[in-house]
Amino acid sequence: MYTKHKDCKQFIRWKCVKSSSFKCPAVLKVLSIHHEHNHAADQNNIEAVKSKAEIKEIAKFSGSTPGQIFNEVINKIPKQALMKIPTEESIKRTIQMQRSGNNPVEPTDINDLIIEGEWSLWNSQSFLLYDNKSENTNERIIMFGTDNMIHLLSQSKEWYMEESLISS
């Protein structure tokens, strides 16, 4: 198994993951192997690396909690490979870091707030009903909801609103 070492002008250089611990000289330059490994493949480590990659991929798109993601993936791993997996807390931190990398830059002003893509959806439905950002007004109005929520409101004879939901 190899890890990316560096980008060169004409190729990408990869090193064996055991280059430090076993002093393995195996290097991969794009498709050209320059040394053979001096150790056997560790199937359990391969399973662990695949599982960590799967956890990161799920974390990007799933709304599940880190604990749920951890349990979902761990239950599929062969028992022999479990000892190669980092601790549950370490994996949960990895999930949180993976997700924070997907977050947009936090705005310093309401006019800097950009609501688009996945941030304008709820359960794969459009959730941003109205945003007057492009109207160059001094007060920004943002409305969230779904078409079904609007339909339910239209069918209601009375609406109740809590004052704390009104923001200035």
Side-chain angles (χ1 to χ4, degrees), residues 1-110 112-129 131 142 144-149 152 164-165 167:
M1 187 162 45
Y2 293 87
T3 56
K4 189 173 180 181
H5 178 62
K6 70 178 184 178
D7 290 313
C8 299
K9 288 182 181 179
Q10 297 177 341
F11 56 88
I12 299 172
R13 184 181 174 116
W14 299 75
K15 282 184 156 184
C16 172
V17 295
K18 304 283 185 176
S19 63
S20 295
S21 57
F22 283 82
K23 305 285 186 231
C24 181
V27 173
L28 180 68
K29 291 182 178 180
V30 182
L31 299 176
S32 174
I33 298 175
H34 293 275
H35 295 280
E36 292 298 320
H37 290 277
N38 64 0
H39 57 87
D42 184 347
Q43 193 60 39
N44 292 329
N45 198 42
I46 293 169
E47 287 295 328
V49 170
K50 284 182 184 178
S51 297
K52 284 170 44 181
E54 181 181 359
I55 286 169
K56 287 181 179 182
E57 194 63 26
I58 291 171
K60 285 181 190 176
F61 305 106
S62 171
S64 301
T65 66
Q68 290 169 328
I69 294 171
F70 176 81
N71 289 332
E72 177 186 333
V73 174
I74 291 300
N75 287 332
K76 295 189 256 176
I77 299 173
K79 291 193 187 314
Q80 310 87 295
L82 287 175
M83 57 193 255
K84 300 285 186 170
I85 298 288
T87 65
E88 181 174 357
E89 295 312 311
S90 174
I91 289 179
K92 286 179 180 178
R93 277 192 307 274
T94 299
I95 292 168
Q96 290 164 346
M97 287 190 312
Q98 182 68 38
R99 286 182 171 167
S100 68
N102 295 335
N103 293 342
V105 175
E106 190 170 328
T108 55
D109 181 78
I110 188 70
D112 295 335
L113 178 64
I114 299 170
I115 307 168
E116 58 186 19
E118 68 178 301
W119 300 101
S120 66
L121 303 175
W122 180 71
N123 284 344
S124 301
Q125 298 179 59
S126 179
F127 192 62
L128 178 64
L129 294 173
D131 184 358
I142 304 170
F144 294 99
T146 63
D147 290 339
N148 186 50
M149 291 173 184
L152 292 172
S164 64
L165 295 176
S167 176

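FYI, side chains are in, hydrogens and waters are out, and symmetry mates aren't considered; it's all heavy atoms of this structure. In this chain, residues are counted from 1 in sequence order.
- For Q68, the side-chain hydrogen bond (donor to acceptor under 3.5 Å, both in side chains) test picks out T65, with sequence neighbours left out.
- Note that CD1 of I74 is 12.0 Å distant from CD1 of I69, once rounded to the nearest 0.5 Å.
- Listed by chain and number, the residues in a side-chain hydrogen bond (donor to acceptor under 3.5 Å, both in side chains) with N44 amount to none (sequence neighbours excluded).
- Applying the side chain to side chain contact (heavy atoms under 4.5 Å, CB included) test to N75 and every residue at least two apart in sequence or in another chain returns N71.
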Under the side chain to side chain contact (heavy atoms under 4.5 Å, CB included) rule, what do L128 and F144 come out as? Steps first, then yes or no, please. CA-CA 5 Å; L128 178 64; F144 294 99; 3.9 Å; yes
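- The distance from atom NZ of K60 to atom CD1 of I95, rounded to the nearest 0.5 Å, is 13.5 Å.
- Under the side-chain hydrogen bond (donor to acceptor under 3.5 Å, both in side chains) criterion, S62 pairs with S64, sequence neighbours left out.
- Residues I110 and I142 have side chains in contact (heavy-atom distance under 4.5 Å, counting atoms from C-beta outward).
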Distance-only donor-acceptor hits, side chain of residues 78-92, under 3.5 Å, sequence neighbours excluded:
from : atom 1 : to  : atom 2 : distance (Å)
K84  : NZ     : D42 : OD2    : 3.0
T87  : OG1    : S90 : N      : 3.1
E88  : OE2    : K92 : NZ     : 3.1

Tell me which donor-acceptor pairs under 3.5 Å the side chains of residues 46-56 have, and how far apart each pair is, sequence neighbours excluded?
from : atom 1 : to  : atom 2 : distance (Å)
S51  : OG     : E47 : O      : 2.9
E54  : OE2    : K76 : NZ     : 2.6

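- For H5, the ring-ring contact (aromatic ring centres under 6.0 Å, His included) test picks out no residue, with sequence neighbours left out.
- Inter-residue side-chain proximity for F127 and T146 is flagged as met; some heavy-atom pair is nearer than 4.5 Å.
- Residues passing the side chain to side chain contact (heavy atoms under 4.5 Å, CB included) test with L121: none are found, sequence neighbours excluded.
- Under the rule for a side chain to side chain contact (heavy atoms under 4.5 Å, CB included), S126 has no partner lying at least two apart in sequence or in another chain.
- For D7, the side-chain hydrogen bond (donor to acceptor under 3.5 Å, both in side chains) partners two or more places apart in sequence, or in a different chain, are K4.
- Not counting sequence neighbours, D112 has no partner by the salt bridge (Lys or Arg N to Asp or Glu O under 4.0 Å) test.
- Note on residues 66-75: no pairs pass salt bridge (charged side-chain N to carboxylate O under 4.0 Å, His left out), not counting sequence neighbours.
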